[in-house]
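Contents: one structure, followed by commentary.
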Amino acid sequence: MRTDRFQHPDHYLMDELLTEEHKLIRDTVRAWVKKELSPIIEDYAQRAEFPKHIIRGLGEIGAFGPSLPAEYGCGGMDQISYGIIMQELERCDSGIRSTASVQGSLVMYPIYKYGSEAQRHKYLPKLASGEMMGCFGLTEPDHGSNPGGMTTNFKDMGDHYLLNGAKMWISNAPFADIAVVWAKNEAGKIHGLIVERGMEGFTTPETHNKWSLRASATGELVFDNVKVPKENLLPNISGLKGPMGCLDSARYGIAWGAIGAAMDCYDSALNYAKERIQFDKPIAAFQLTQKKLAEMLTEITKAQLLTWRLGVLKNEDRATTPQISMAKRNNVEMALHVAREARQIHGGMGITGEYPIMRHMMNLESVVTYEGTHDIHLLITGMDITGMPAFR
Ligand code: TGC
Ligand code: FAD
């Protein structure tokens, strides 16, 4: 791996919209990434291994639940700071951003938003520091885009609940200490349960042979008559709006994160194009290379502006699900396109681990599918425009 000399493109002077605190957060996370992650990420991705030793460092830089309140050991930051942290992590690797966004938006957020005071105090400080890691179980083998059809279920046994079923494609599952699991009660109503590693009948087999998100651990959650204590039910939510509310927060983070991956591809392509000589000239001097670079920068800039405005609305608690969908969908597609163009500029070198391009491109093939596929987000926008759901 080459020395990480990343500099972000800022064609529309977006930095002027950031506060001094935002810039400090960005510089701190970027410096940490350059020192601790950039030198090792390619090797871990090639070996399809999550670098577990970085978890405490992620906690120290405030990557876990940055916008949750300080009284639970969290950062108490605004939503733009959260976005910036996700952007800096995904600039290095989508799998690392995944680990942080699952922990913050999909595990800590529901415990904070829907949990009891006792659950908040028990779990949030340890999750914020990385002493404890979590995962989020919504998707099932037969229910991905349609999570409302889930069959994982629990029965009230008087002094405990009995949980049965299986979840699939779960980020962080193989090493998580706890899982926030969405399951139906006997009345068919969806609830959230906190399942702890070590509970009898609970296993987390790892998913192997992924070509994407290789530096992130993915697995299943299998529940075979798991006795879950009653105090582990999230008391303040029922229905699909519980998990969907968490997804709004995670999808918002992905919208920022995808720009990070795109910026890294652009930065690498620009540097390569200036250095690579063909026909006695740097390839950056050819019009066709300039077209690629100019279009990459244009799309990144448009995504930066879209996401900035979304962050402002999120800070004001006014960002809607369709607005978040539009940004997630647009930015991930944009990043995939930028990665493909960057791969071409790098020629044959673009397929090697010497450059981050192929890793970003393969990662983004998961990002475009998880947290709602590209087409599901289009349908969410379509429903918003017309008032007519076209999901079924
Ligand atoms: P629908 O009838 O539209 O809604 C059912 C109930 O849910 C409410 N709701 C929301 N509430 C809050 N926020 C949202 N974003 C919400 N979306 C829906 C809705 O108001 C309703 O509430 P109520 O009280 O009226 O019952 O639901 P539907 O069954 O028609 O499905 C709609 C659809 C397809 C849009 C939705 O289910 C969907 O978005 N599907 C995609 C599934 C998805 O995104 N899965 C993600 C799994 S987690 C993951 O991928 C983590 S990857 C992490 C990483 O590594 O980074
Ligand atoms: P399907 O729902 O089967 O979709 C297949 C295709 O059909 C897609 O193109 C889709 O757009 C299309 N389609 C489906 N319904 C419609 C429709 N109504 N109209 C038009 N087209 C439609 N889930 C979790 O719960 N927790 C996690 O931590 C998690 N991490 C993940 C990590 C990775 C690496 C991956 C790949 C996935 C992860 N997921 C997780 C699951 C992810 O959210 C699902 O893969 C995603 O929601 C899509 O579900 P599916 O794969 O079953 O595809």
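Only heavy atoms go into these numbers, but all of them, side chains included; no hydrogens, no water, no symmetry mates. Just so you know, ligand 1 is whichever comes first in the structure, and atom 1 is the first atom listed for that ligand.
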Looking only at protein heavy atoms, identify the closest one to [atom] and say how far it is in Å.
atom: atom 19 (N) of ligand 2; result: Leu379 CD1, 3.5 Å
atom: atom 33 (C) of ligand 2; result: Tyr370 CD2, 3.7 Å
atom: atom 52 (O) of ligand 2; result: Gly144 CA, 3.3 Å
atom: atom 18 (N) of ligand 2; result: Phe391 O, 2.9 Å
atom: atom 28 (O) of ligand 2; result: Ser171 N, 2.9 Å
atom: atom 30 (N) of ligand 2; result: Trp169 O, 2.7 Å

- Do Leu293 and Leu270 have side chains that get closer than 4.5 Å, going by heavy atoms? yes

- Message: Is any side-chain heavy atom of Met334 closer than 4.5 Å to one of Ile300?
- Response: yes

- Option with minimal heavy-atom separation from atom 43 (O) of ligand 2, where the choices are Leu138, Thr139, Ile376: Thr139

- Which of the listed options, Asn172, Asn146, Leu213, holds the heavy atom that is closest to atom 34 (C) of ligand 2? Leu213

- Query: Can a non-hydrogen atom of Ser366 be found less than 4.0 Å from any atom of ligand 2?
  - Reply: yes

Determine whether any protein heavy atom is located less than 4.0 Å from [atom].
atom: atom 21 (N) of ligand 2; result: no
atom: atom 6 (C) of ligand 2; result: no
atom: atom 45 (O) of ligand 2; result: yes
atom: atom 3 (O) of ligand 2; result: no
atom: atom 12 (C) of ligand 2; result: no

- Mind checking whether Thr373 contacts ligand 2 via backbone (N, CA, C, O), side chain (CB onward), both or neither, at a 4.0 Å heavy-atom cut-off? side chain

- Task: For ligand 2, indicate whether the residue Glu371 contacts it via side chain, backbone, both or neither (heavy-atom separation under 4.0 Å).
- Result: backbone

- Query: Are Phe50 and Tyr44 close enough that their ring centres sit under 6.0 Å apart?
  - Reply: no

- Pair Asn363, Asp93: side-chain N/O donor-acceptor within cut-off below 3.5 Å: yes

- Does a sphere of radius 6.0 Å around CD1 in Ile351 hold more than 12 heavy atoms from other residues, nucleotides or ligands, not counting ones at 6.0 Å or beyond? no

- Query: More than 12 heavy atoms of other residues, nucleotides or ligands under 6.0 Å from CD of Glu186: is that the case?
  - Reply: yes

Contact check: [X] vs ligand 2, nitrogen or oxygen atoms, below 3.5 angstrom:
X: Ser145; result: yes
X: Val102; result: no
X: Phe136; result: yes

- Item | Atom-level proximity to ligand 1, residues with heavy atom under 4.0 Å | Arg97, Ser98, Ser101, Val102, Leu106, Phe136, Leu138, Thr139, Gly144, Ser145, Pro147, Ser171, Leu240, Lys241, Met244, Gly245, Leu247, Asp248, Arg251, Thr321, Tyr370, Glu371, Gly372, Ile376, Ile380, Phe391, Arg392

Could you go through residues 104-113 and list every donor-acceptor pair under 3.5 Å that involves a side-chain atom there, pairing it with any protein atom two or more places apart or in another chain?
{"from": "Ser105", "atom 1": "OG", "to": "Tyr82", "atom 2": "OH", "distance (Å)": "2.7"}
{"from": "Ser105", "atom 1": "OG", "to": "Ser249", "atom 2": "OG", "distance (Å)": "2.8"}

Which donor-acceptor pairs under 3.5 Å do the side chains of residues 15-24 make with protein atoms, sequence neighbours left out?
{"from": "Asp15", "atom 1": "OD1", "to": "His8", "atom 2": "NE2", "distance (Å)": "3.3"}
{"from": "Asp15", "atom 1": "OD1", "to": "Arg26", "atom 2": "NH1", "distance (Å)": "2.9"}
{"from": "Asp15", "atom 1": "OD2", "to": "His8", "atom 2": "NE2", "distance (Å)": "3.2"}
{"from": "Asp15", "atom 1": "OD2", "to": "Arg26", "atom 2": "NH1", "distance (Å)": "3.4"}
{"from": "Thr19", "atom 1": "OG1", "to": "Glu21", "atom 2": "N", "distance (Å)": "3.4"}
{"from": "Thr19", "atom 1": "OG1", "to": "His22", "atom 2": "N", "distance (Å)": "3.0"}
{"from": "Thr19", "atom 1": "OG1", "to": "His22", "atom 2": "ND1", "distance (Å)": "3.1"}
{"from": "His22", "atom 1": "ND1", "to": "Thr19", "atom 2": "N", "distance (Å)": "3.1"}
{"from": "His22", "atom 1": "NE2", "to": "Asp78", "atom 2": "OD1", "distance (Å)": "3.3"}
{"from": "His22", "atom 1": "NE2", "to": "Asp78", "atom 2": "OD2", "distance (Å)": "3.0"}

- Message: Is the terminal nitrogen or CZ of Lys184 (NZ for Lys, CZ for Arg) located under 6.0 angstrom from the six-membered ring centre of Phe154 and within 45° of that ring's axis?
- Response: no

Pairs under 3.5 angstrom only: tabulate donor-acceptor contacts from the side chains of residues 131-138 to other protein residues two or more places apart or in another chain.
none

- Message: List ligand 2 atoms under 4.0 Å from Thr369, heavy atoms only on the residue side.
- Response: 45 (O), 46 (C)

